[in-house]
Amino acid sequence: MRGEPAIPSCESRFPAVTASIAAARHWVRDCVEGFGGPLRRHPVTQIAELLVSELVTNAIRHGVGPPLIRVTWSGRLLRIAVSDHGDRQPRMRATANTEPGGFGMQLLERLALRWGVTPRHPGKTVWAELSIES
């Protein structure tokens with residue numbers, strides 16, 4: 001019996017420390033480029049690095065526990081999901097250009113094809129989808 005082809009994916013948990021932000025960026029680049037094909041050296045990889053950096057930063061600052069990152073490639077969409085055990089929902093904040101920080105969700109809104117939050121027990125998963133045409 002033939003089954004559906006496996007969807008390429010990577011998953012890793014990172015300690016809830018600021019050093020994990022850079023480690024997650026490098027990990028997601030290696031993961032995405034490891035999917036091969038049209039993703040190898042594609043600009044969407046840089047967008048994925050930026051978004052995972054923002055999502056992991058938020059998970060460390062506002063979440064609970066070590067963030068779990070899962071990246072999947074459907075052949076059309078790259079999905080990045082960051083889970084933590086906190087119940088605090090992400091929110092867009094109005095920030096002046098002179099204030100540091102607070103732009104992560106705005107970047108997510110601008111760069112992702114779509115994004116959302118999925119409740120978990122415990123916590124939540126914040127996910128973003130990128131199109132290879134992005």
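Worth saying up front: this structure is predicted, and the values here are computed from it rather than measured.
Take Val64 and apply the side chain to side chain contact (heavy atoms under 4.5 Å, CB included) test, not counting sequence neighbours, and it matches His85. Every residue two or more places apart in sequence or in another chain was checked for a side-chain hydrogen bond (donor to acceptor under 3.5 Å, both in side chains) with Thr57, and none qualifies. Shown here are the ring pair (Phe, Tyr, Trp, His ring centres under 6.0 Å) partners of Trp27, two or more places apart in sequence or in another chain: Phe14. Under the rule for a side-chain hydrogen bond (donor to acceptor under 3.5 Å, both in side chains), Ser20 has no partner lying at least two apart in sequence or in another chain.
Residues Arg79 and Trp127 approach most closely at NH2-CG, 3.2 Å, considering heavy atoms. The heavy-atom pair separating Ala112 from Leu130 by the smallest distance is CA-CD2, 3.8 Å. Pairing each heavy atom of Val56 with each of Ala24, the nearest pair is CG2-CB, 3.9 Å. Contact record, Ala59 with Val82: CB-CG1, 4.0 Å, taken as the closest heavy-atom pair. Taking each heavy atom of Lys124 and Gly63 in turn, the nearest pair found is NZ-CA, 4.4 Å. For the pair Gly104 and Glu54, the tightest heavy-atom approach, listed with the atom from each and the gap, is CA-OE1, 3.2 Å.
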Show, in sequence, the C-alpha distance, side-chain angles and deciding distance for Leu78 and Val32, and conclude whether the side chain to side chain contact (heavy atoms under 4.5 Å, CB included) test is met.
CA-CA 8 Å; Leu78 183 67; Val32 171; 3.8 Å; yes

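Between the side chain of His62 and the main chain of Arg88, no donor-acceptor pair closer than 3.5 Å is present.
The stretch residues 21-44 participates, sequence neighbours left out, in these salt bridge (charged side-chain N to carboxylate O under 4.0 Å, His left out) pairs: Arg29-Glu49. The disulfide bond (SG atoms under 2.5 Å apart) contacts involving residues 7-63 comprise Cys10-Cys31, where partners must be two or more places apart or lie in separate chains.
The closest side-chain heavy-atom distance from Trp115 to Leu51 is not below 4.5 Å. Looking at Val117 and Gln89, their side chains come closer than 4.5 Å, going by heavy atoms from C-beta outward.
Under the 4.5 Å side-chain heavy-atom criterion for ILVMFWY residues, a single connected hydrophobic cluster contains both Ile132 and Leu50. Hydrophobic clustering, with ILVMFWY side chains joined whenever heavy atoms are under 4.5 angstrom apart, groups Ile21 together with Val28.
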Could you pull out all donor-acceptor pairs under 3.5 Å where a side-chain atom in residues 66-77 meets a protein atom, sequence neighbours excluded?
unit_1	atom_1	unit_2	atom_2	d
Arg70	NH1	Glu11	OE1	3.2
Ser74	OG	Arg76	N	3.3
Ser74	OG	Leu77	N	3.0
Ser74	OG	Leu77	O	3.4

